Structures are given as structure tokens and as C-alpha cells.
Amino acid sequence: MKNRNSRFVVVLAVCLGACGASARAQTGATSAPFWTGINDAASFTRAMDARLAHATATLDTLLAVKAPRTIENTLRPYDDVLLELDAVSSQAQLIQSVHPSESLRQSAEKVSQKAGTFATDLSLNRGVYEALSSLDATKADNETKYYLTRTLRDFRLAGVDKDEPARKRIKALRDELVIIGQDFDRNIRTDLRTVTAKSASELDGLPQDFIARHKPGAGGVITLNIDYPDSLPVFSFAKNEDLRKRMYLEYNNRGYPKNMETLDKMIVRRAELAQLVGFKTWADYITADKMVGTAANASQFIDRIVAASGPKADREFDMLLKRKQQDVSGATGVNGWERAYYAELVRKANYDFDSQSVRPYFAFERVKQGLFDVTSKLFGVTYRPVSVPTWDKSVEAYEMLENGSVIGRFYLDMHPRKDKYNHAAEFPIRSGITGRQVPEASLICNLPGGESGDPGLMTHDDVETFFHEFGHLVHALVSGRHQWIGVSGISTEQDFVEAPSQMLEEWTWDPKTLQTFARHYQTNEPIPTALVTRMRRASEFGKAMTVRQQMVYAKLSLSIYDRDPKGIDTTAIVKDLVNKYTRTPYVEGTHFQTSFGHLDGYSAVYYTYMWSLVIAKDMFSQFDRGDLLAPPVAAKYRTAVLAPGGSKPAATLVADFVGRPFSYTAWEQWLNREEQ
Ligand SMILES: [Zn+2]
């Protein structure tokens with residue numbers, strides 16, 4: 001998953017000349033580690049303010065040009081402004097989500113607001129728009145031409161060509177939406193709900209290491225939180241139905257009730273903004289710069305996926321119900337808090353697979369090394385650990401090298417910590433510019449491990465998450481060599497962004513690849529092929545139900561933004577969709593939407609995950625299943641799809657790699673495949 005705000009905010013940072021470890025605030029392009037010289041809220045704010053001041057000065061220079069407009073005297077300074085903005089907004093967003101110090105997180109939120117304001121002002125700056133519009137790019141290279149065309153379109157989507165009162169209102173709305181979004185995220189992050197078990201016997205069925213990590217406190221009571229490392233095992237393994245149910249209710253009420261009002265306000269403000277720019281709804285507006293093009297196309301896409309997954313989802317549900325009937329004779333339905341639990345039992349019974357059985361082969365450190373080795377081979381790069389300043393002592397830093405030179409730097413913040421962002425995501429830090437700035441990026445996860453004595457045994461799902469997020473990171477770094485920050489890094493259409501990551505997940509299902517690193521943490525025995533085969537077979541089960549669940553999210557995201565916001569009832573929409581697309585009925589009293597952080601960041605376009613998956617399956621069909629690390633295909637993929645960043649339309653990148661427009665065939669085969 002990815003976080004990004006306005007379309008004017010890409011990802012980057014800057015440097016000027018020799019960027020050593022000086023404490024002086026840096027501005028301009030830089031290849032120094034971004035956290036250099038920052039040690040408290042004041043120094044962070046100072047560094048970010050210096051960049052914004054530099055951006056303002058650069059903008060003034062651009063506007064003051066008297067000579068005929070050229071790429072060099074106009075597009076270059078414009079791009080240098082984006083370079084500052086990219087660094088500030090990316091770094092502020094990262095720090096507000098992960099820094100252990102409350103005062104730093106708060107300062108970062110303020111910086112984010114300033115960056116948001118700056119981006120909005122820029123997007124509505126008629127003078128800059130006119131300067132860029134007057135450029136003659138007929139003799140420029142293709143990358144520059146594409147960049148300029150896209151930039152002018154984005155200016156128009158921002159409303160730059162509207163009259164003065166409209167632009168003023170657009171600006172006020174955008175500023176307010178930054179604050180609303182931050183409230184929404186904060187209300188989720190700081191809602192630290194817990195569920196208690198009266199004694200260890202209530203944890204029956206949960207893995208031994210889980211029980212060992214949750215010792216009874218005063219009065220023998222065991223406290224669990226609702227973050228993934230606690231909640232997911234409870235949903236899958238706890239024999240105690242009441243514990244699962246209580247966890248489900250807390251988990252699906254995170255952010256409630258605070259975020260009900262916050263979300264309603266977000267919907268209303270966005271609808272107004274879209275209309276000011278000339279669109280009927282926010283959903284129409286936000287899809288205009290995507291591969292999908294319109295809200296109607298997005299809706300049709302969701303319908304197509306819902307229809308394609310129906311028959312298999314029904315067969316899967318019937319298996320769940322049958323299994324439940326063994327425990328509860330005469331049962332006629334399966335509840336939300338029973339789905340993962342019975343799915344696990346079906347896998348055990350029908351596929352002879354217990355997802356716990358692979359965990360000893362997936363100790364965190366080994367998986368990390370394995371991921372490094374696999375991606376090194378695929379993408380022709382190497383990694384080396386470096387000691388540089390970071391935001392927390394548990395964070396590791398690495399350089400990515402190609403033929404001995406550093407082409408990127410990244411940070412791994414992989415385990416849970418108090419007040420830290422509680423999902424898994426790649427957070428950009430800055431994009432690269434050829435010869436001027438080395439890109440940086442970070443992974444923020446909440447995977448097992450990280451404490452001394454804990455081997456960090458991961459589920460396969462965790463391993464997949466790790467590969468997925470690392471896929472974003474590789475994309476962000478290997479696309480870091482362009483002449484413009486505006487096309488560098490992951491700056492493609494948002495509905496393509498997940499495809500490279502989703503494709504990289506495939507390597508976690510390949511026995512040959514797994515055996516290169518998945519070794520038993522005690523015996524060193526490689527993961528048995530038969531076990532991987534059983535795992536793959538078991539993974540086929542539940543796939544269509546998951547697709548349906550994803551379509552609940554996708555349609556929810558589209559539906560709250562594709563209509564008149566007056567009197568909208570988000571809970572009623574959730575209820576309707578859950579009951580329509582899934583056979584586990586909506587649970588009264590739950591408010592999933594208040595913790596669905598994507599309703600801010602992705603707004604109406606959560607469909608993008610499935611859209612990207614269709615493309616990912618199509619791209620993966622080009623690889624040789626017998627040898628997934630075969631160098632020629634991987635090299636072609638890196639060159640055609642990853643390295644171009646946002647310098648061409650995503651549809652072109654895919655067509656360059658697969659040799660035709662993308663198709664649904666591979667995705668449909670994947671959905672309906674039953675492994676023998
Ligand atoms: Zn992702």
C-alpha cells in the first residue's frame with residue numbers, strides 16, 4: 001500500500017553541492033541520508049522550513065523570468081520546486097506516522113499541513129501555469145514532452161483555470177482536507193483498544209509462542225490489543241468463540257465514534273471541491289487521471305470482478321458452512337468472526353495444511369536475507385548495511401548498489417512499536433535525479449520479531465507482505481534516475497502502483513525460490529517441497545471470498561464518493577455491501593469504515609488494488625514458472641516497467657513488457673485455478 005496526498009506531491013528530497021553530515025539545514029538536491037543533522041522537533045521543523053523557503057525562492061525566480069520561456073528557465077525551476085515539496089511532504093508524512101516522540105510527530109503534522117498548503121497554492125498558481133503553457137516542447141525529448149503535458153493536465157484538474165473566487169474556495173477546501181485527513185488517521189492510530197481474556201485457557205488453540213508472549217497480569221487477566229500481531233491469530237486460531245467475537249467487535253470499531261463525523265465531513269468537502277473543478281462527483285474527479293479514466297468505468301470494473309468471482313465464492317462458502325456444521329449442527333450461516341477460524345479448519349481438514357506449520361521456516365532475519373538475495377538476482381542490484389542517522393534505534397539502513405555504485409538508500413522499520421503506524425506500507429522519502437540526488441525510501445511494517453530471544457516466526461502471509469512492500473521499495477529506488485523529479489520514482493497512475501508489488505508476491509509461492517532461504521530456525525532443514533505444495537493448494541481455498549471482500553472495500557470507497565453527500569449514511573452502505581457481496585452477514589454495531597484509513601488516502605479508488613492485480617497476473621504470465629529468476633525476463637521487466645517510473649503512461653509500460661494491451665485472462669485463470 002502507499003500513501004500519497006495531492007497529485008502535485010510526488011516524493012523527493014534535495015541537495016546542494018557537498019552534502020556531508022553538517023547540521024546546517026540542507027536545501028536543494030542531496031544524496032545525504034535524510035535524517036542527517038536532525039535530532040529533535042525544532043531541528044526537523046527548521047530543516048523542512050528551509051526547504052519550503054527554498055522552494056518559494058525558486059518559484060519567484062521562475063515567475064520573474066523576462067527572457068523567452070525555455071525548458072531550462074521554466075520547467076527546470078518548476079521541477080526544483082517539486083523536489084523540495086516531495087522531500088518535505090514525504091518526510092513529514094513518514095515522521096508523523098512513525099516517530100517515537102510525540103512532539104516530533106506533532107511537528108511533522110504541522111509540516112505536512114504547510115507542505116499541503118504549499119502544494120495547493122502551487123497547483124492554483126495561474127502565473128506558473130501560464131509560464132508552463134507557453135513552453136515550446138516540440139524539440140524536447142519524449143520524457144520531457146510527456147512530463148509537460150501531464151503537468152498541464154494536472155494543473156487544470158487542480159482548478160487553476162477557474163475564476164478567482166472558485167480558486168480561493170478550492171484552496172480553503174484543500175487545506176481543510178489535509179487537517180481532516182490527519183484527524184482521521186490519528187483517530188485510528190490512537191484508538192488503543194484491548195480485549196481481555198480471564199485466564200490462559202481462553203487462549204486455547206492459539207500458537208504456543210503467542211501464549212508465551214501474553215502472560216497473565218494482575219488477577220490472572222490477559223490483555224490483548226487489536227493490532228495485527230494480536231488480532232489475526234485470534235481470528236484464525238482461538239477456539240473460544242466469545243473471544244473471537246469480542247475481538248471482532250473491537251477491531252471493527254477502531255476509530256468509532258470519533259471518525260463517523262470526520263468521515264462525513266471529508267465526504268462533503270470533497271464533493272464540493274469536485275464540483276468547483278467541474279466534475280459531478282468526487283469519484284468522477286479522482287478517476288480522471290487514472291488508467292480507469294472515469295467513475296463509471298471503475299464501477300463496471302467492480303461489477304465484472306464481482307460476477308467473475310461469484311461461483312467460486314459460493315463453493316468456498318459452502319465448505320465453510322459444512323465445516324461449521326460439524327461443530328454446530330444445523331448451523332445455517334457463518335459469522336464475520338468465524339470466517340477466518342473455519343477457513344483455517346477447512347484448510348487443515350481438506351488440504352492437510354496448518355498455516356502454523358510453516359512458521360518455523362520463516363524466521364524474520366532469514367526471510368529478510370532471502371528477500372535480499374532474490375531481489376538482487378531479479379533486479380541486478382546488491383545491498384549493504386550502512387550506519388546512518390534514523391528516527392529510532394531499531395531502524396536499519398541499507399544502500400542499494402548497481403555495479404558498485406549507490407543507486408538508492410532505504411530504511412527498514414519492521415516491528416511493532418508504541419504509537420507507530422499499525423499497518424504495512426512503503427513510505428517514500430525522496431525521489432532521485434540523475435547525477436544530483438540518490439533516492440531514499442522506507443518500509444514500515446509490524447512483523448513478528450525484533451526483540452532479543454524472539455526468532456520472529458512469520459506466517460506465510462507475513463512473508464508475502466514483506467515481499468509486497470519491498471516490491472514498492474525496489475520500484476521507488478530503481479526508477480530514481482531521471483532528469484525530472486516529477487517523473488522519477490513511483491509517479492505512475494495510482495491504479496498501476498500496486499502491480500509490481502503484487503507480482504513480487506508470486507516468488508513467495510515458488511518452492512525453488514523458497515528453498516533458497518526458508519530453513520527451519522532450529523534444524524536448518526529447508527522447507528519441504530511437499531509442505532509448499534500443500535500450502536499452495538490450501539491457498540486456493542478462500543481466494544474468491546477474499547476477492548468478494550475486497551470488492552466490498554472497493555465499492556464502499558467508490559459509493560461514498562459517487563453520489564450527493566447530503567444525508568449519506570456510511571454504515572448503511574457498509575451493511576448493504578457486506579450483505580450483497582459476502583455471505584457472512586453484516587454485524588450490527590460494527591463500523592468498519594471508521595478504521596478504513598484508505599478512505600482518506602485512496603478516497604474513491606480502492607478498486608486500484610484489484611485493477612493492479614489483474615495487471616500483475618498478466619505481467620507474471622511472462623515469466624518462466626520453471627525458473628522465476630531467469631535473468632532475461634527479469635531484466636526486460638526492470639527496464640520496461642520499473643525503471644521508467646512515471647515517464648510514460650502505465651498502459652504503455654505494461655504493453656512494452658507483455659507486447660500487447662493488458663488482458664484479464666491470467667487473472668481469471670488464477671482465480672479459478674485448483675491446485676492438484
Ligand atoms: Zn502495496
Side-chain angles (χ1 to χ4, degrees), residues 1-5 9-11 90 93-94 97-98 185 188 228 232 290-292 305 367-368 371 374-375 378-379 408 410-414 420-429 431 439 441-447 458-479 489-509 546-547 549-551 553-554 557 595-620 637 641-642 645-646 650 653-654 667 670:
M1 125 188 201
K2 291 250 330 133
N3 286 34
R4 31 184 42 203
N5 321 349
V9 182
V10 196
V11 172
S90 300
Q93 189 153 48
L94 169 68
S97 308
V98 301
D185 286 348
I188 298 170
Y228 293 150
L232 295 188
K290 308 294 183 287
M291 293 179 85
V292 82
I305 301 296
V367 172
K368 184 177 81 182
L371 172 60
V374 166
T375 50
L378 273 175
F379 302 117
F410 60 93
Y411 303 85
L412 300 182
D413 184 347
M414 302 306 290
K420 182 180 136 176
Y421 176 81
N422 51 30
H423 296 263
E426 182 257 348
F427 278 68
I429 292 174
S431 304
S442 60
L443 284 201
I444 310 301
C445 297
N446 286 279
L447 296 174
M458 304 202 282
T459 62
H460 183 266
D461 199 49
D462 291 331
V463 176
E464 218 181 9
T465 297
F466 198 175
F467 271 64
H468 175 101
E469 300 305 342
F470 203 79
H472 287 309
L473 186 127
V474 168
H475 190 186
L477 299 183
V478 304
S479 58
I490 308 176
S491 53
T492 59
E493 289 96 320
Q494 196 183 344
D495 40 6
F496 176 69
V497 160
E498 294 299 328
S501 282
Q502 289 166 326
M503 194 182 79
L504 197 58
E505 291 174 16
E506 299 283 351
W507 275 258
T508 71
W509 293 103
T546 302
V547 166
Q549 187 63 38
Q550 286 291 313
M551 291 305 97
Y553 302 152
S557 126
S595 63
F596 190 25
H598 288 321
L599 294 179
D600 173 38
Y602 276 70
S603 74
V605 298
Y606 190 80
Y607 80 86
T608 53
Y609 275 97
M610 195 58 67
W611 179 274
S612 287
L613 189 66
V614 170
I615 296 174
K617 296 298 177 193
D618 196 22
M619 294 196 301
F620 184 61
Y637 170 71
V641 177
L642 298 184
L653 305 182
V654 180
W667 180 85
W670 161 81

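Start at 1 and go down the list; that is how both ligands and their atoms are numbered. Just so we're clear, the structure is a prediction, and the values are computed from it rather than from any experiment. Counting from 1, the numbers follow the sequence of the chain as shown.
- None of the N, O or S atoms belonging to E469 lies under 2.8 Å away from the Zn ion (ligand 1).
- At least one donor-acceptor pair under 3.5 Å links the side chain of Q502 to the backbone N or O of Y609.
- Put simply, the side chain of F496 does not reach to within 4.5 Å of the side chain of T608, judged on heavy atoms.
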Go through F467 and W509 one step at a time and tell me if the ring pair (Phe, Tyr, Trp, His ring centres under 6.0 Å) criterion holds.
-> CA-CA 11 Å; F467 271 64; W509 293 103; over 10 Å; no

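- When the N, O or S atoms of H468 are ranked by distance to the Zn ion (ligand 1), NE2 comes first.
- For E498, the N, O or S atom closest to the Zn ion (ligand 1) goes by the atom name OE1.
- For D495 (side chain) and V292 (main-chain N/O), a donor-acceptor pair under 3.5 Å exists by modelled atom type.
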